Every structure is written in structure tokens, then in C-alpha cells.
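Values in this document were obtained by computation on a predicted structure and should not be read as measured data.
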Amino acid sequence: MSFLKNIFGSNETPSQKSSKINWIPLTDLTQLEEISAQSNEKPIAIFKHSTRCSISRMALKQFENEFDLDEKVSPYYLDLLEHREISNEIASKFGVFHQSPQLILIKDGKAIYDASHSDIDAEVLKELV
């Protein structure tokens, strides 16, 4: 079983396990206004993750292994199962189609990039910030 856990990860959220990313939990709708305002100073990356989905876990794990932009990008983590209403508001506010897993880059109050599933790539963020 630990072999599969190493490949696919576990149901733990990033805050429950060690991660080199200093995730900011996205747990309240009011944070979206803060994200919009903060993105004028520093780009914001939102990672939307389904804790029950093995594909989402693999995408999250790969992203965490590649991400090294802590000083250039503020990374937010959204647990879709716990906060679906926030995901719906992200889609509406930033004009992106909901997907899971999904990475969205917010800059100057607008979504300038979004990717899902195997298209999630931390290297692309480096080119955009």
C-alpha cells in the first residue's frame, strides 16, 4: 500500500504533510477580494484540489516538486470538497471554467492563466511572472 501512496499520494492536504510550498489555505469567500487586491503587488497562484481524486493528488504532488517561486508568487490551496462554493465564485469572479485539479494565476485582479490535469506545470508560471 505504501508503494501506491508514494505514487499517488494520500488524502492528506498540504497542511497535513510536509511540503516545500508555503500554502495559504483558501477557506473563506472574503479571501477572493484580498487575492484580487494582493495580485496587484504580487501574482497569486490558486491550486484547486479534490482530495478524493488520484489524478488531482498526482498533479498536486508534481506541482509541489517543481514549484520554487515562493518569493515571486503567493500560493493558495483550495480543497474543493470542503469549499465548493469558493470554487464556484472563483469561476464567476475570474472568468475561468471550473476544473479539478486546476491551477489559476491571478495578476492585476485578473486570471491570466489557468490549466488543469496534466497541463498543470510550475515551469509555465516562471515564464508568466
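- Scanning for side-chain contact (heavy atoms from CB on, under 4.5 Å) contacts around E34 gives Q31, Q38, with sequence neighbours left out.
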Expected list for residues 109-119: side-chain donor-acceptor pairs under 3.5 angstrom, two or more places apart:
residue, atom, partner, partner atom, Å
D114, OD2, Q102, NE2, 3.4
S116, OG, Q99, OE1, 2.7
H117, NE2, S100, O, 3.1

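- Expressed to the nearest 0.5 Å, how far CG of D70 lies from NZ of K72 amounts to 12.0 Å.
- Counting heavy atoms from C-beta on, the side chains of V124 and L105 never come closer than 4.5 Å.
- Here the straight-line distance linking atom CZ of R84 with atom NZ of K48 works out to 7.0 Å at 0.5 Å rounding.
- Every residue meeting the side-chain contact (heavy atoms from CB on, under 4.5 Å) condition with E66, not counting sequence neighbours, appears here in chain and number order: Q62, D121, A122.
- Among residues two or more places apart in sequence or in another chain, the salt bridge (Lys or Arg N to Asp or Glu O under 4.0 Å) test is passed with E85 by none.
- In this pair, F47 and W23 present their aromatic rings perpendicular. The plane angle is above 60°, beyond the 30 to 60° band.
- Residues meeting the side-chain hydrogen bond (donor to acceptor under 3.5 Å, both in side chains) test with D28, sequence neighbours left out: T30.
- Put simply, the side chain of K20 gets close to the backbone of N65: a donor and an acceptor are under 3.5 Å apart.
- Counting heavy atoms from C-beta on, the side chains of V73 and K42 never come closer than 4.5 Å.
- Under a hydrophobic-cluster definition in which Ile, Leu, Val, Met, Phe, Trp and Tyr are linked whenever side-chain heavy atoms come within less than 4.5 Å, directly or via other members, L128 and F63 are assigned to the same cluster.
- A distance of 7.5 Å separates CG in D79 from OG in S50, rounded to the nearest 0.5 Å.
- For the pair I21 and Y77, the minimum side-chain heavy-atom distance is 4.5 Å or more.
- Evaluation of the salt bridge (Lys or Arg N to Asp or Glu O under 4.0 Å) test over residues 95-104, restricted to residues two or more places apart or in two chains, returns none.
- A search for side-chain contact (heavy atoms from CB on, under 4.5 Å) contacts involving K126 returns D68, L69, E123, not counting sequence neighbours.
- Membership of the apolar cluster around F94 extends to I24, L26, L29, L32, I35, I44, I46, Y76, L78, L80, I86, I90, V96, I104, I106, as traced through chained side-chain contacts below 4.5 Å between ILVMFWY residues.
- In this structure, CD1 in I120 is found 11.0 Å from CE in M58, a value given to the nearest 0.5 Å.
- Nearest heavy atom pair, residue K93 against residue E33, reads NZ-OE2, 2.9 Å.
- Legend: residues meeting salt bridge (Lys or Arg N to Asp or Glu O under 4.0 Å) with K107, ordered by chain and number and at least two apart, are absent.
- No donor-acceptor distance shorter than 3.5 angstrom exists from the side chain of S56 to the backbone of C53, with no hydrogens or angles considered.
- Legend: residues meeting salt bridge (Lys or Arg N to Asp or Glu O under 4.0 Å) with E82, ordered by chain and number and at least two apart, are absent.
- N40 pairs by the side-chain hydrogen bond (donor to acceptor under 3.5 Å, both in side chains) definition with nothing, not counting sequence neighbours.
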